[in-house]
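We count residues from 1, following the sequence as given.
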Amino acid sequence: MKTASRGAWRFPIIPYGSGGILYGGCPFCGRPSESGAGAFQTACLDRARLQPTMPQRFSPKAPMKLIILDRDGVINQDRDDFVKSADEWVPLEGSMDAIAFLTQAGYTIAVATNQSGIGRGFFTMQQLNEMHAKMHKLVRQAGGEIDGIWFCPHTAAAECNCRKPKSGMVEDILARFNAKAADTYMAGDSLRDVQAAAGAGCRPVLVLSGKGRKTLAESSGELPPGTQVFDNLAAFAQYLMKQERQNAEDGHAACA
């Protein structure tokens with residue numbers, strides 16, 4: 001696979017076929033391409049959308065402050081029939097501001113999302129890229145930044161390592177940002193989100209937006225130990241901002 005170098009990171013140039021669909025082996029899980037017309041295979045990770053260098057708001061010597069977010073039901077409204085286009089991608093109230101607050105507090109934001117709608121044929125890679133372009137635009141308008149988007153296009157039948165609740169995507173994010181799992185929060189609205197977080201050693205967070213209330217009602221006994229629960233992404237961001245202020249005050253007191 002061809003690669004291009006920008007700054008300190010190297011990432012694949014994804015060779016797309018007609019209709020925005022990639023033909024060939026998956027560079028993440030290694031599944032071979034299928035034969036015949038209409039065969040589908042795509043990259044598990046949307047690596048080409050990653051920022052190629054460390055954002056300037058971070059000091060190279062500062063510890064990485066990474067937060068991993070699920071997409072549907074956490075950042076945008078979920079749909080039982082899948083979010084299939086940019087028009088159907090609608091941000092949840094307060095989510096753009098929440099990401100902006102976290103960005104301005106020095107957090108790196110990554111997204112890890114299952115998108116089996118691609119594998120099921122409900123939408124194309126081009127449509128997924130249009131959804132993500134809209135998400136990036138709205139987040140930036142609010143003053144925030146999403147530093148990378150990872151997605152799994154496979155159905156459960158593929159038994160890949162990237163589809164949550166398996167932790168392949170999360171582990172790749174941690175490696176890409178050189179972040180410590182124990183210091184990294186991962187927020188989602190489903191059991192598989194918090195299971196993927198725990199499987200990678202991250203700090204699991206369940207938000208009650210999207211399918212979160214249903215998850216809490218039906219699977220509370222299956223939540224990983226230490227899972228924190230918040231009403232939504234905005235409430236989680238407010239909690240972290242409070243923790244940041246408290247840590248700063250404690251630091252000033254120690255130096256006094």
Side-chain angles (χ1 to χ4, degrees), residues 14 20-22 26-31 40-50 67-86 88-92 95 109-132 134-136 146 148-174 176 184-200 202 204-212 214-216 218-219 222-224 227 233:
I14 309 295
I21 298 177
L22 170 66
C26 175
F28 183 56
C29 70
R31 291 177 63 225
F40 164 76
Q41 192 69 36
T42 187
C44 299
L45 306 182
D46 190 7
R47 295 174 188 264
R49 300 192 67 80
L50 290 172
I67 295 176
I68 303 172
L69 303 176
D70 177 41
R71 198 194 77 173
D72 301 335
V74 177
I75 300 175
N76 59 280
Q77 295 177 11
D78 202 355
R79 295 170 61 107
D80 291 335
D81 61 345
F82 292 82
V83 180
K84 302 177 292 300
S85 68
E88 292 182 355
W89 195 96
V90 179
L92 286 168
S95 66
I109 308 297
V111 173
T113 176
N114 288 355
Q115 292 297 325
S116 67
I118 297 176
R120 300 172 194 268
F122 294 159
F123 52 88
T124 66
M125 276 296 307
Q126 179 178 344
Q127 289 170 308
L128 182 65
N129 286 335
E130 289 170 355
M131 295 181 226
H132 289 166
K134 180 178 181 179
M135 178 168 65
H136 278 297
I146 293 175
I149 299 173
W150 277 249
F151 67 91
C152 171
H154 307 125
T155 65
E159 298 183 352
C160 63
N161 188 50
C162 50
R163 180 177 168 85
K164 296 177 287 185
K166 293 185 179 179
S167 56
M169 277 196 292
V170 182
E171 292 168 358
D172 195 84
I173 292 170
L174 293 169
R176 178 60 66 97
T184 300
Y185 288 96
M186 178 172 173
D189 67 327
S190 69
L191 180 62
R192 64 190 176 195
D193 293 323
V194 293
Q195 287 175 332
C202 296
V205 171
L206 177 70
V207 294
L208 301 183
S209 52
K211 296 182 173 68
K214 181 179 179 181
T215 299
L216 186 62
E218 297 180 355
S219 306
E222 301 176 64
L223 296 178
T227 298
L233 182 56

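- In this structure, the separation between CD1 on Ile67 and CD1 on Ile109 is 4.5 Å, given to the nearest 0.5 Å.
- Evaluation of the side-chain contact (heavy atoms from CB on, under 4.5 Å) rule for Leu191 yields Val194, Gln195, Thr215, Ser219, Glu222, Leu223 as partners, not counting sequence neighbours.
- Minimum heavy-atom separation, Ala200 to Glu171: CB-CG, 4.0 Å.
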Show your working on side-chain contact (heavy atoms from CB on, under 4.5 Å) between Ile75 and Trp89 and close with a plain yes or no. CA-CA 10 Å; Ile75 300 175; Trp89 195 96; 3.9 Å; yes

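- Here the closest non-hydrogen pair linking Leu92 and Val74 is CD1-O, 3.5 Å.
- Side-chain contact between Arg71 and Ile149: absent, with no pair of heavy atoms (C-beta onward) separated by less than 4.5 Å.
- A distance of 10.0 Å separates CG of Leu69 from CG of Asp193, quoted to the nearest 0.5 Å.
- Counting only heavy atoms from C-beta outward, the side chains of Cys202 and Leu174 approach each other to under 4.5 Å.
- Taken from OG in Ser167 to CG in Asp172, the straight-line distance is 11.0 Å, to the nearest 0.5 Å.
- Rounded to the nearest 0.5 Å, atoms CE (Met131) and CD (Gln126) are 11.0 Å apart.
- Side chains of Gln115 and Thr113: a donor on one and an acceptor on the other come within 3.5 Å.
- Gln127 places a side-chain N or O within donor-acceptor distance of the main-chain N or O of Thr124, the cut-off being under 3.5 Å.
- In this structure Asp189 satisfies the salt bridge (charged side-chain N to carboxylate O under 4.0 Å, His left out) test with no other residue, sequence neighbours excluded.
- Under the 4.5 Å side-chain criterion, counting only non-hydrogen atoms from C-beta, Asn114 is in contact with Met169.
- Listed by chain and number, the residues in a side-chain contact (heavy atoms from CB on, under 4.5 Å) with Lys84 are Arg79, Asp81, Phe82, Glu88, Phe122, Phe123 (sequence neighbours excluded).
- For Val207 against Gly73, the heavy-atom pair with the smallest separation is CG2-O, 4.4 Å.
- Remark: Lys166 pairs with Asn161 by the side-chain contact (heavy atoms from CB on, under 4.5 Å) rule, at least two apart or across chains.
- In this structure a side-chain-to-backbone donor-acceptor pair under 3.5 Å is missing from Lys164 to Ala196.
- The side-chain contact (heavy atoms from CB on, under 4.5 Å) check on Glu159 picks up nothing, with sequence neighbours excluded.
- Not counting sequence neighbours, the partners of Asp78 by the salt bridge (charged side-chain N to carboxylate O under 4.0 Å, His left out) test are Lys211.
- Panel note: side chain Ser116, backbone Thr155; no donor-acceptor pair is recorded below 3.5 Å.
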